Number of protein chains: 2
Amino acid sequence: MASQRTKGDNRTADRILDIAERLVQTRGFNNFSYADIAKELRITTASLHYHFRSKAELGHALITRYAAQFGESLQRIDREISDARAKLEAYASLYASVLKGRRMCMCGILAAEYQTLPRPMQRAVIGFFDDNQRWLAGVLDNGQRERTLAFSGSADEVAQSILSTLEGAMLVARPYADLSKFNATARHLLSGLAN
Amino acid sequence: MASQRTKGDNRTADRILDIAERLVQTRGFNNFSYADIAKELRITTASLHYHFRSKAELGHALITRYAAQFGESLQRIDREISDARAKLEAYASLYASVLKGRRMCMCGILAAEYQTLPRPMQRAVIGFFDDNQRWLAGVLDNGQRERTLAFSGSADEVAQSILSTLEGAMLVARPYADLSKFNATARHLLSGLAN
DNA sequence: GTCTATAGGCAGATAGAC
DNA sequence: GTCTATCTGCCTATAGAC
């Protein structure tokens with residue numbers, strides 16, 4: 001199918017994605033409508049369908065863009081920080097900054113709705129988690145070799161554990177609107193990896 | 001308002017709650033309908049409204065019952081297990097058994113939808129988390145005194161951390177339908193509290 | 001690219017008979 | 001307690017004019 005990239009001007013498509021992204025991260029994929037976006041953007045829902053033929057397609061585009069942006073953040077960490085422990089702290093800060101906006105990690109909230117999502121979105125959520133875990137495992141491996149990190153079990157298992165803990169910390173802290181609840185968990189998590 | 005408790009026979013109400021509970025834990029509160037329950041129970045949606053006047057009321061009853069059952073499980077742990085570390089393992093097993101049924105913790109999935117929930121349900125979700133954290137903090141305090149557990153930071157912070165980690169481990173593991181992913185995180189979590 | 005108009009379905013909820 | 005019938009509203013999506 002022709003993606004919106006093939007259409008000349010995609011500033012509108014980007015603005016749609018911006019609004020939809022915020023709505024997904026605050027309300028979940030099934031709990032916002034084309035009407036919500038249309039109202040905010042001051043266009044009609046019919047126009048939205050020109051940019052994204054279906055909500056499923058919009059949803060898939062959302063995850064794709066989100067994962068790409070997150071990947072860029074990880075590359076920036078790799079570029080600017082060499083110490084493994086500092087990398088993990090920067091990683092946790094990515095989550096904290098999302099939570100600061102009263103949002104969940106997009107794939108965290110989609111994981112909660114997983115069984116109601118269209119297949120392509122399900123696969124993309126899994127892909128996001130896999131990418132994160134792979135990156136974390138790499139950081140952990142390096143840290144262990146350089147003796148700046150210490151942990152028992154495999155790097156994969158600990159990577160899984162870090163991802164889960166940060167997602168859970170966001171999930172639980174958000175209803176309280178209390179960033180310090182998140183930070184306490186992140187701090188405890190990282191202190192367990194100190195050498 | 002007259003709750004369904006005041007009405008003579010509440011076997012039907014209980015069956016409604018059983019079905020709705022499973023639907024919430026697999027799909028989320030906003031992603032199932034009275035029609036779903038009605039079909040499974042072979043009654044009409046109009047009859048459902050006799051037992052629970054509104055979906056909001058049904059949702060509140062769901063959390064209340066879930067929290068009460070969970071509380072009973074905690075009491076049973078307190079009764080049957082004295083070692084603090086073994087209590088935490090039993091606590092993690094509660095989560096594992098929920099996940100085994102492809103379900104999320106009810107309040108975990110409701111936390112993801114938090115901003116779309118009616119006020120009374122929001123308060124009940126917070127209450128569930130508070131209760132769990134309080135119980136965990138008590139276990140941690142005892143374990144620290146008896147030197148069977150060791151951790152840095154306050155018992156409250158570590159309790160918060162345990163709750164968050166287990167909720168997150170469920171959230172992330174469920175799309176993979178892989179219990180071992182959950183277990184790896186739970187094991188890593190508890191190993192960090194060993195003495 | 002955006003609009004009006006509308007289709008077709010599903011949601012939660014209520015009235016009133018039995 | 002359960003039913004039929006119905007209401008109102010919202011949802012995603014499409015046809016076709018501009």
Side-chain angles (χ1 to χ4, degrees), chain A residues 1-21 23-24 26-63 110 113 115-121, chain B residues 1-21 23-24 26-63 110 113 115-121:
Chain A
M1 61 199 156
S3 91
Q4 74 280 4
R5 299 271 157 232
T6 65
K7 290 164 190 159
D9 188 355
N10 56 21
R11 275 176 307 186
T12 304
D14 285 338
R15 292 174 67 200
I16 293 169
L17 289 171
D18 289 340
I19 295 168
E21 180 173 288
L23 290 170
V24 170
T26 50
R27 307 173 58 83
F29 183 69
N30 296 299
N31 302 321
F32 76 91
S33 69
Y34 268 40
D36 294 326
I37 305 172
K39 198 184 298 178
E40 201 166 325
L41 204 53
R42 293 174 199 273
I43 61 174
T44 62
T45 59
S47 300
L48 290 180
H49 279 281
Y50 169 80
H51 295 281
F52 299 97
R53 276 202 264 280
S54 69
K55 200 182 174 189
E57 194 178 300
L58 168 62
H60 192 258
L62 277 173
I63 311 182
L110 291 177
E113 309 183 83
Q115 269 141 318
T116 71
L117 299 179
R119 279 285 154 80
M121 288 185 70
Chain B
M1 64 200 159
S3 90
Q4 73 280 5
R5 299 273 157 230
T6 65
K7 291 162 188 157
D9 189 353
N10 55 22
R11 276 176 306 186
T12 303
D14 286 338
R15 291 174 69 200
I16 292 169
L17 289 171
D18 289 341
I19 295 169
E21 180 172 287
L23 290 170
V24 170
T26 49
R27 307 174 58 84
F29 183 68
N30 295 300
N31 302 320
F32 76 91
S33 69
Y34 268 41
D36 294 325
I37 304 172
K39 199 183 299 176
E40 202 166 325
L41 205 54
R42 293 175 199 273
I43 60 173
T44 62
T45 60
S47 300
L48 290 180
H49 279 281
Y50 168 80
H51 296 280
F52 299 96
R53 275 203 264 279
S54 68
K55 200 182 173 189
E57 194 177 300
L58 168 61
H60 192 257
L62 278 172
I63 311 183
L110 292 177
E113 310 182 83
Q115 269 143 319
T116 72
L117 298 179
R119 279 286 155 80
M121 288 184 71

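The structure displayed is predicted, hence computed values, not measured ones. By convention in this document, chain letters (A, B, ...) are assigned in the order of the sequence lines, proteins followed by strands, and residues within each chain are numbered from 1.
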Starting at atom [atom1] of [X], determine the distance to atom [atom2] of [N], rounded to an integer number of angstrom.
X: H49(A); N: dA13(D); atom1: NE2; atom2: C1'; value: 5 Å
X: Y34(B); N: dG9(C); atom1: OH; atom2: P; value: 25 Å
X: I37(B); N: dA13(C); atom1: CD1; atom2: P; value: 11 Å
X: N31(A); N: dC10(D); atom1: CG; atom2: P; value: 16 Å
X: L58(A); N: dC11(D); atom1: CG; atom2: C1'; value: 15 Å
X: F32(B); N: dC10(C); atom1: CZ; atom2: P; value: 18 Å
X: L23(B); N: dA11(C); atom1: CG; atom2: P; value: 12 Å
X: L48(A); N: dT14(D); atom1: CG; atom2: P; value: 14 Å

At less than 4.0 Å, is any side-chain N or O atom of S33(A) found next to OP1 or OP2 of dC10(D)? Yes or no. no
Taking only residues two or more places apart in sequence, or in another chain, which ones meet D36(B) in a salt bridge (charged side-chain N to carboxylate O under 4.0 Å, His left out)? none
Residue set satisfying side-chain hydrogen bond (donor to acceptor under 3.5 Å, both in side chains) with R119(A), at least two apart, ordered chain then number -> Q122(A)
Can you sort out the partners of T26(A) under side-chain hydrogen bond (donor to acceptor under 3.5 Å, both in side chains), two or more places apart, ordered by chain and number? none
Answer yes or no: is there a donor N or O on one side and an acceptor on the other, between the side chain of E113(B) and the main chain of N30(B), under 3.5 Å? yes
Any donor and acceptor pair, going by atom type alone, linking the side chain of E40(A) with main-chain N or O of I19(A) inside 3.5 Å? no
Between the protein and nucleotides 2-5 of chain C, are there any N/O to N/O pairs under 3.5 Å, and if so, what are the atom names and distances?
from	atom 1	to	atom 2	distance (Å)
dT2(C)	OP2	H51(A)	NE2	2.8
dC3(C)	OP2	T44(A)	N	2.7
dC3(C)	OP2	T44(A)	OG1	3.2
dC3(C)	OP2	S47(A)	OG	3.0

Looking at dA11(C), dA13(D), dG12(C), which one has an atom nearest to any side-chain atom of K55(B)? dG12(C)
Pairing residues for A46(A) by the side-chain contact (heavy atoms from CB on, under 4.5 Å) criterion, not counting sequence neighbours: T44(A)
